Amino acid sequence: MALPCWAVIWKVLLTVGLVLFYYSFSIGITFYNKWLLKQFHFPLFMTLVHLLMIFILSSLSRTLMSCVSGRTRVILPWSDYLRKVAPTALATALDIGLSNWSFLYITVSLYTMTKSSAVLFILFFSLLFRLEELKPALILVVLLISGGLFMFTFKSTQFDARGFFLVLAASCLGGIRWTLTQMLMQKAELGLQNPIDTMFHLQPLMFLSLFPLFVGIEGLHVSTSTQLFRYQDVHGLLMLMATLGVGGLLAFGLGYSEFLLVSKTSSLTLSIAGIFKELCVLLLATHLFGDKLSLLNWSGFAVCISGIALHVALRTTHTKEHRVSLSTDMELLLRGGEDEEDEET
């Protein structure tokens, strides 16, 4: 039955609104990190503050949801927490930490393009954990994305090897992160299908995973910094902490907006929105931060995006085939039941 015209318009407006809501946090935190780290050179400390903020906000959200629903939220036992959540927390903490660290060295445009290579690592670890099957089309996806990334970085006037390898390592860890997160959220017995619950359980271990790295790299510099512990201006310190708090709100909002977009539309919508988001980030980076992109760089971006789009299309086709298969199996099961009833009659 066809939907009424007003229902279609409402669905379109809702989808556009949710995409824009997701863009505001996703694009916002990218430029926020780059802007802040130009004047505050402690990316790991910034990340720890954001993790603490996310934990506080997810705790408050769980309390609010419990009051509204009247049901107690899930709390994992220590055995499951350490065995099943800890690997995901470690990969996530290092992914975010290295990503923020790379902003000290590279431009937003190079960061965005290199981060796109996370799809390659997600595919690799999905094949390794047998979440995906190796197909010729997947090889084409890998060639397009890696070829596009090579074209984008080839003879780039703003290329920095340190930042590039930091974000490349973050992309690799991101592949492990999202593969483990998918496996974690698909385990119904853990009860972590709601991302708020997942964020609540991940943040403490993420904080503890990143803290030793922070102490070893930034600890001494932070303790002697006039911006923090050796401050001379109370107003400046309060403004800095407030600015770091805004980043925590953006990080929490990003996770929540992703969940909201997927729950109200689909994961396909999120994937397509992510493609156009990268284009928006590159365009904004050229205007706000003066990132310089040549024709070859833009061509590499187009090739890389085509690979990501092909990956999205393949996942969509696989999902539809899976649904058709389930529908066919259900019909055969129902027909079998009807035949048994006819024989009894």
Side-chain angles (χ1 to χ4, degrees), residues 26-27 29-31 33-34 37 41 43-44 46-47 87-129 132 138-182 206 209-210 213-214 216-218 254 271 274-275 277-279 281-282 285 289 291-294 296-308 310-311:
S26 183
I27 297 176
I29 197 169
T30 300
F31 286 96
N33 288 339
K34 182 62 178 178
L37 291 174
H41 304 297
L44 298 180
M46 178 189 74
T47 305
T88 307
L90 177 61
T92 305
L94 292 176
D95 174 19
I96 297 173
L98 293 180
S99 295
N100 290 340
W101 194 0
S102 70
F103 275 120
L104 290 177
Y105 309 108
I106 61 174
T107 61
V108 172
S109 55
L110 181 57
Y111 167 83
T112 302
M113 275 299 300
T114 311
K115 259 296 191 177
S116 300
S117 66
V119 176
L120 300 178
F121 297 107
I122 291 172
L123 283 175
F124 172 76
F125 289 111
S126 295
L127 291 170
L128 185 64
F129 290 108
E132 294 268 5
L138 289 180
I139 298 175
L140 179 59
V141 169
V142 171
L143 291 175
L144 286 172
I145 296 176
S146 56
L149 182 61
F150 174 77
M151 291 170 64
F152 191 87
T153 57
F154 185 70
K155 291 186 178 179
S156 176
T157 57
Q158 295 174 302
F159 180 80
D160 187 285
R162 291 173 299 176
F164 175 74
F165 284 112
L166 276 172
V167 74
L168 195 63
S171 296
C172 178
L173 289 164
I176 302 173
R177 166 194 178 182
W178 290 114
T179 305
L180 292 176
T181 301
Q182 179 184 347
M206 288 173 61
S209 300
L210 201 60
L213 191 64
F214 156 73
I217 297 174
E218 295 180 359
L254 175 59
S271 300
I275 294 174
K277 183 206 73 175
E278 292 180 350
L279 176 60
V281 168
L282 288 184
F289 291 120
D291 291 7
K292 298 176 182 178
L293 299 177
S294 64
L296 180 63
N297 298 149
W298 280 112
S299 301
F301 170 74
V303 172
C304 186
I305 288 299
S306 65
I308 297 173
L310 176 60
H311 177 60

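Position 1 is the first residue of the sequence; numbering continues from there. Note that the structure is predicted; figures quoted are calculated from it, not measured.
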If you round to the nearest 0.5 Å, how far is [atom2] of [Y] from [atom1] of [X]?
X      : Y      : atom1 : atom2 : result
Ser109 : Trp298 : OG    : CH2   : 8.5 Å
Leu90  : Leu94  : CG    : CG    : 5.0 Å
Met46  : Glu218 : CE    : CD    : 9.0 Å
Ile96  : Met206 : CD1   : CE    : 4.0 Å
Leu166 : Asn100 : CG    : CG    : 11.0 Å
Leu210 : Thr92  : CG    : OG1   : 11.5 Å

Backbone of Ile106 reached by a side-chain donor or acceptor of Lys34 within 3.5 Å: yes
Do the side chains of [Y] and [X] get nearer than 4.5 Å, heavy atoms only?
X      : Y      : result
Phe103 : Pro43  : no
Leu213 : Leu44  : yes
Phe165 : Ser102 : no
Trp101 : Ile217 : yes

Can you sort out the partners of Phe31 under ring pair (Phe, Tyr, Trp, His ring centres under 6.0 Å), two or more places apart, ordered by chain and number? Phe289
What pairs of residues pass the salt bridge (Lys or Arg N to Asp or Glu O under 4.0 Å) test when at least one of them lies in residues 88-104, not counting sequence neighbours? Asp95-Lys115, Asp95-Arg177
